[in-house]
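Working notes, beginning with the structure itself.
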Amino acid sequence: MSLVEPVPGEPAAVAEVGPDGERALVVADFHAGIEQALRAEGVSLDSRAQQRRERLLALVTRTDPDRVLFLGDLMHAIGDPGGAERGEIEVLLERLDERGVAATLVKGNHDGAIESWADLDVTAGAGVRLGSVGFAHGHTWPAPEVLDSDVVCVGHEHPAVRLEDEVGGSRVERVWLRGPLAGAAFAEREGGVRAGAELVVFPAFNELVGATWVNVEGQEFLAPFLPEGLADGEAYLLDGTRLGEYQTV
């Protein structure tokens with residue numbers, strides 16, 4: 001059993017994060033309130049805050065974690081959030097607290113000064129190590145203690161693949177990227193990388209965000225350590241289907 005196990009059919013995973021069997025439900029790129037930003041760009045969408053909350057709470061019921069760990073970008077607004085976005089986050093955290101589930105945010109590039117008003121634990125952007133698993137959003141280089149983990153989890157990238165059929169039809173699917181953490185990409189970082197470490201790039205929880213199409217020529221990655229840090233990684237659909245090397249899917 002891996003230290004980080006995806007929840008079948010969902011953009012979420014359960015991670016072992018403590019010596020006493022503590023388990024965390026991990027989701028990346030929640031992007032609360034994204035509809036407000038899209039409306040400002042001329043895209044008319046009703047709020048999906050309730051649906052996002054219900055999806056997450058259903059996952060809490062399904063997996064029974066000790067905590068929910070948001071792997072960066074719980075917020076969408078990079079500056080101060082609007083009332084609807086702030087309200088969405090506050091209600092979500094209240095519902096988690098009612099269930100006795102702690103909440104932790106590994107701060108992402110969209111999370112602003114969330115620690116000044118939201119009732120949850122917030123780590124630095126370079127991430128945190130919990131047990132044998134390291135967590136960082138991925139918009140900056142992970143901290144040395146994160147890289148010194150058996151498994152390193154990051155978000156930020158919103159990885160997806162474009163799949164085409166024999167008659168020219170295509171669709172885009174969110175994917176997981178997993179594989180050995182390539183030490184050469186981190187050779188100049190303090191402490192380097194633990195031998196045999198694995199890197200897991202999470203799909204975005206919010207289906208409305210953009211994506212890095214990892215199998216489309218010319219697409220550029222967002223994280224400063226990708227794609228070099230995952231030279232031999234493979235892509236997996238949310239249902240667990242293995243697609244093979246992500247760059248040649």
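- Residues satisfying the ring-ring contact (aromatic ring centres under 6.0 Å, His included) test with His158, not counting sequence neighbours, are His31.
- Expressed to the nearest 0.5 Å, how far CG of Asp29 lies from NE2 of His137 amounts to 5.0 Å.
- Taking every heavy atom of both residues into account, Arg174 and Pro11 meet most closely at NH1-CG, 3.8 Å.
- Across all their heavy atoms, Gly155 and Leu71 have their closest contact at N-CD2, 3.7 Å.
- A donor-acceptor pair under 3.5 Å is absent between the side-chain atoms of Glu234 and the main chain of Arg242, judged by distance alone.
- Residues in residues 47-68 take part in no ring-ring contact (aromatic ring centres under 6.0 Å, His included) pair, two or more places apart or across chains.
- Residues passing the salt bridge (charged side-chain N to carboxylate O under 4.0 Å, His left out) test with Asp150 are Arg194, sequence neighbours excluded.
- Cluster membership for Val161 and Leu238, using ILVMFWY side-chain heavy atoms within less than 4.5 angstrom, is not shared.
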Between Val175 and Tyr246, does the side-chain contact (heavy atoms from CB on, under 4.5 Å) criterion hold? Intermediate values first, please. CA-CA 9 Å; Val175 293; Tyr246 69 89; over 6 Å; no

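- Arg62 approaches Pro8 most closely through the heavy-atom pair NH2-O, 3.1 Å.
- Residues Ser149 and Ala197 come closest through the heavy atom pair O-CB, 3.4 Å.
- Residue Leu222 shares its hydrophobic cluster (ILVMFWY side chains chained together at separations under 4.5 Å) with no other residue.
- Judged by distance alone, the side chain of Glu54 and the main-chain N or O of Gln51 form no donor-acceptor pair under 3.5 Å.
- Phe186 is linked by a ring-ring contact (aromatic ring centres under 6.0 Å, His included) to Trp141, Phe225, counting only residues two or more places apart in sequence or in another chain.
- When hydrophobic side chains of Ile, Leu, Val, Met, Phe, Trp and Tyr are connected at separations under 4.5 Å, Met75 ends up clustered with Val7, Val14, Leu25, Val27, Phe30, Leu56, Leu57, Leu59, Val60, Val68, Phe70, Leu74, Ile89, Leu92, Leu93, Leu96, Val101, Leu105, Ile114, Trp117, Leu120, Val122, Phe205.
- Contacts of Glu190 classified as side-chain contact (heavy atoms from CB on, under 4.5 Å), with partners at least two apart in sequence or in another chain: Pro144.
- Just one of Glu10, Gln50, Glu207 meets the side-chain hydrogen bond (donor to acceptor under 3.5 Å, both in side chains) condition when paired with Arg55; it is Glu207.
- Note that CD of Glu94 and CZ of Arg99 are 13.5 Å apart. Values are rounded to the nearest 0.5 Å.
- Closest approach of Ser132 and Leu3 over heavy atoms only: CB-CD1, 3.8 Å.
- When the salt bridge (charged side-chain N to carboxylate O under 4.0 Å, His left out) test is applied to Glu88, the partners found at least two apart in sequence or on another chain are Arg52.
- Side-chain contact between Cys153 and Val26 is absent, with no heavy atoms from C-beta onward closer than 4.5 Å.
- The distance from the CG atom of Leu177 to the CD atom of Glu157 is 8.0 Å, given to the nearest 0.5 Å.
- To the nearest 0.5 angstrom, Ile34 atom CD1 is 5.0 Å from Asn206 atom CG.
- We find the CD-CG distance between Glu198 and Leu230 to be 9.0 Å, quoted to the nearest 0.5 Å.
- Remark: side-chain polar atoms of Arg23 are paired, donor with acceptor, to backbone N or O of Thr63 under 3.5 angstrom.
- Applying the ring-ring contact (aromatic ring centres under 6.0 Å, His included) test to Phe202 and every residue at least two apart in sequence or in another chain returns Trp176.
- Within the 3.5 Å criterion, the main-chain N or O of Arg162 finds a donor-acceptor partner in the side chain of Asn215.
- Closest heavy-atom contact between Val106 and Ala136: CG1-CA, 3.8 Å.
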For Leu130 and Leu69: C-alpha separation, side-chain torsions, deciding distance, then whether side-chain contact (heavy atoms from CB on, under 4.5 Å) applies. CA-CA 11 Å; Leu130 299 175; Leu69 190 148; 3.7 Å; yes

Report the C-alpha separation of Thr212 and Leu226 in whole Å, then their side-chain angles, then the decisive distance to 0.1 Å, and conclude whether the side-chain contact (heavy atoms from CB on, under 4.5 Å) test is met. CA-CA 11 Å; Thr212 299; Leu226 290 176; over 6 Å; no

Does the side-chain contact (heavy atoms from CB on, under 4.5 Å) test come out yes or no for Asp121 and Arg67, once each step is laid out? CA-CA 11 Å; Asp121 295 327; Arg67 71 173 57 243; 4.1 Å; yes

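- In this view, Arg95 and Glu98 satisfy the salt bridge (charged side-chain N to carboxylate O under 4.0 Å, His left out) rule, not counting sequence neighbours.
- Within the 4.5 Å cutoff, the side chain of His139 has no heavy atoms near those of the Asp73 side chain.
- Using a 4.5 Å heavy-atom cutoff, the side chains of Gln219 and Pro227 are not in contact.
- Around atom CD of Glu245, no more than 12 heavy atoms belonging to other residues, nucleotides or ligands sit under 6.0 Å away.
- The other residues sharing a hydrophobic cluster with Val172 are Trp213, Val216, where clustering joins ILVMFWY side chains under 4.5 Å apart.
- In this structure, Val17 and Asp66 have side chains that are not in contact, with every pair of non-hydrogen atoms separated by 4.5 Å or more.
- At a threshold of 4.5 Å between side-chain heavy atoms, the hydrophobic network of Ile, Leu, Val, Met, Phe, Trp and Tyr places Val4 and Phe135 in one connected group.
- Applying the salt bridge (charged side-chain N to carboxylate O under 4.0 Å, His left out) criterion to Glu115, with sequence neighbours excluded, gives Lys107.
- Just one residue in the list Leu147, Val128, Val193 forms a side-chain contact (heavy atoms from CB on, under 4.5 Å) with Pro142, and that residue is Leu147.
- One hydrophobic cluster holds both Leu199 and Phe221 under the rule that ILVMFWY side chains link at heavy-atom gaps under 4.5 Å.
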